[in-house]
Structure formats: C-alpha cells, structure tokens
Amino acid sequence: MSTLHFLSLPTTEVATGLLGMFLVHETADGVTAGRIVETEAYLWGDPACHAYRRKTARNATMFGPPGFAYVYQIYGLHYCVNVVTGPEGVGEAVLIRALEPVEGIPLMQARRGTTKLGDLCKGPGRLVQAMGINKAMNGMSITEPPFQVVPATAYPAANTSFRMVTTTRIGITQGADLPYRFYVEGSPFVSFPLRKVTGEKK
DNA sequence: GCTGGGATCGCCT
DNA sequence: GGCGATCCCAGCG
C-alpha cells in the first residue's frame with residue numbers, strides 16, 4: 001500500500017497506523033528524521049477540530065485532499081504539524097505530537113538549543129522546531145521529498161514492535177473526553193504518558 | 001473594528 | 001505545578 005493510499009484511510013486508522021512510521025524532512029542544513037510515537041485524531045463533527053465550524057483561510061488545508069501538511073500557529077508563538085486526512089471537502093487531520101529522534105540529531109540539537117535527547121521532539125511545538133518545519137510548509141505534500149511520512153521498513157533498525165495506548169487528547173476543552181490520542185507504550189519520548197487511559201491494544 | 005481564547009513551551013518556584 | 005509570552009482569527013456588533 002502506498003503512503004498516499006494509507007493516508008486516505010479513515011482518520012483514526014491513520015492516527016494509529018502512523019505510530020511506528022517515520023517523519024523525514026530534508027533541508028539545506030541536513031536531514032532530520034524521527035519515529036512517530038504519539039498522535040491525535042481530529043474528526044469531522046468533533047468540536048475540538050479546527051475545521052468544526054466551517055472552512056476558513058486558516059483551516060483551508062484541512063479541507064483539501066489527504067497527504068498534505070497542515071501547519072498552524074498556537075498561542076502566538078509555537079507551531080504544530082498535522083497530516084491532512086479524509087477526502088477533499090472533509091476537514092480532518094492527525095496531529096503529530098511526539099517523535100523519537102532517529103536521524104540528524106546534532107541538527108535537531110542545534111535548532112532546539114539543547115542536547116538532551118528527550119527534549120528534542122517531545123511535544124508538537126518542539127518537534128516542529130527540531131525538524132525545521134515552518135508555517136510556509138502549510139499545504140505542502142507530506143508524501144514526497146523534501147517532507148514525507150515513510151513506512152517503518154525504511155528504518156529497519158528502529159522498527160521494533162510495541163503496544164499502543166489510547167487516551168483522551170491533550171490541552172483541549174471541547175471534546176475532552178473523546179479517546180482520540182494514541183501513543184507507543186513505554187516510549188520515553190511521549191509528551192504526557194500519564195493521562196486518562198481509555199484503551200490499549202496491538 | 002474589537003475582543004477573547006487557543007491541539008504550547010520554558011523558566012520559575 | 002504555575003504562569004507569562006505573543007499572534008491569528010472567529011465571533012459578535
């Protein structure tokens with residue numbers, strides 16, 4: 001199954017399936033890559049979803065076809081990156097919340113201003129900074145270079161089995177009880193391991 | 001045309 | 001664990 005085909009699956013399947021896959025960004029400064037260890041799904045009809053009310057200039061990317069990056073600014077100073085899912089016309093996406101640093105760690109350290117491995121990509125704003133993602137990348141394809149999601153098979157050394165934990169999402173007020181957050185059990189790179197756990201599988 | 005709130009982070013205690 | 005930084009835009013008028 002191609003990456004684009006995978007990203008065309010229902011949003012919660014994409015959110016869970018992205019765990020263990022890799023996010024790769026090639027820039028003039030070098031390549032950075034990380035294993036996705038934490039995601040959140042934002043669905044149609046979900047009050048926490050940016051596309052809940054209607055299509056606007058800010059959330060327009062979410063209404064486009066799947067396989068593109070939705071980058072937005074939060075709290076005036078941080079950025080978050082999502083993978084757009086759902087068919088064109090439907091505003092759904094998966095927020096990437098944490099990565100395990102895999103490639104280009106010195107570059108991540110320089111961008112983040114810290115050498116501590118556990119602080120490089122733990123949290124949506126941090127991973128955006130570590131990967132060199134910026135708001136100009138809103139609407140960019142996330143299935144081909146220089147910015148792409150790649151299957152775990154691309155990094156066999158880091159392709160280890162894991163169990164998935166399902167919890168409620170972080171930092172939202174609307175839809176706070178919905179079980180749409182997923183992470184790799186036991187990973188030290190997950191942003192908030194302790195949270196209301198609603199399920200576990202895989 | 002104004003106002004308030006938000007899918008966060010880092011520094012302080 | 002608490003709080004300040006700081007900006008885009010939706011909602012209302």
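Both backbone and side-chain heavy atoms feed into the values below; hydrogens, waters and symmetry mates do not. Each chain gets a letter, A, B and so on, in the order its sequence line appears, and its residues count up from 1.
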N/O donor-acceptor pair under 3.5 Å between E92(A) side chain and W44(A) backbone | yes
Which dot-bracket string describes DNA chain B (Watson-Crick N1-N3 plus N6-O4 or O6-N4, or G-U N1-O2 and O6-N3, all under 3.5 Å; [ ] crossing; | other strand)?
-> ||||||.|||||.
Under 4.0 Å between a side-chain N or O of R97(A) and OP1 or OP2 of dT8(B)?
-> yes
K135(A) NZ to dC9(C) P, in whole Å, measures 9 Å
Between S191(A) and E38(A), a side-chain donor and acceptor under 3.5 Å = yes
Across the strands shown, which category fits E40(A) at heavy-atom distances under 4.0 angstrom: base, sugar-phosphate, nothing?
-> nothing
Return the value, rounded to whole Å, for the distance between atom NE2 of H50(A) and atom P of dA7(B).
-> 5 Å
Short side-chain N/O contact from T56(A) to OP1 or OP2 of dC9(C), under 4.0 Å = no
Considering just the side-chain nitrogens and oxygens of R126(A), establish if one lies under 4.0 Å of OP1 or OP2 belonging to dG10(B).
-> yes
For I74(A) and dG5(B), what is the distance between atoms CD1 and P respectively, to the nearest whole Å?
-> 14 Å
Quickly work out the R111(A) CZ to dC9(B) P distance and round it to whole Å.
-> 17 Å
Taking only the side-chain nitrogens and oxygens of T173(A), find out if one of them lies under 4.0 Å from OP1 or OP2 of dG5(B).
-> no
Could you tell me whether the side chains of R111(A) and Q129(A) share a donor-acceptor contact shorter than 3.5 Å?
-> no
Protein and nucleotides 1-5 of chain C: nitrogen or oxygen contacts under 3.5 angstrom:
none

Cation-pi check, R169(A) onto Y42(A) ring (under 6.0 Å, within 45° of axis) | yes
Does a donor on one side chain and an acceptor on the other come within less than 3.5 Å for Q174(A) and Y52(A)?
-> no
In whole angstroms, the gap separating P of dA7(B) from CG of L43(A) amounts to 15 Å
Can you tell me how far C1' of dG6(B) sits from CD1 of I172(A), to the nearest Å?
-> 11 Å
To the nearest angstrom, the CG-P distance between N59(A) and dA10(C) comes to 7 Å
Polar side chain donor-acceptor pair, T114(A) to R126(A), under 3.5 angstrom | no
Below 4.0 angstrom from OP1 or OP2 of dG10(B), is there any side-chain N or O of R112(A)?
-> yes
Would T166(A) and M164(A) count as a side-chain contact (heavy atoms from CB on, under 4.5 Å) if you check the C-alpha gap in whole Å, the side-chain angles of each, and the deciding distance to 0.1 Å?
-> CA-CA 7 Å; T166(A) 303; M164(A) 182 181 80; 3.9 Å; yes
Flag the pair Y72(A) / Y70(A) as yes when their ring centroid distance falls below 6.0 Å, and as no otherwise.
-> yes
Interatomic distance, OG1@T39(A) vs CG@L95(A), rounded to 0.5 Å, equals 8.5 Å
Using atom CD of Q174(A) as one end and atom P of dA7(B) as the other, report the distance to the nearest whole Å.
-> 9 Å
Report the C-alpha separation of F147(A) and M137(A) in whole Å, then their side-chain angles, then the decisive distance to 0.1 Å, and conclude whether the side-chain contact (heavy atoms from CB on, under 4.5 Å) test is met.
-> CA-CA 9 Å; F147(A) 189 40; M137(A) 293 169 66; 3.6 Å; yes
So what does Y72(A) hit on the nucleic acid, given a heavy-atom distance under 4.0 Å: a base, only sugar-phosphate, or nothing?
-> base
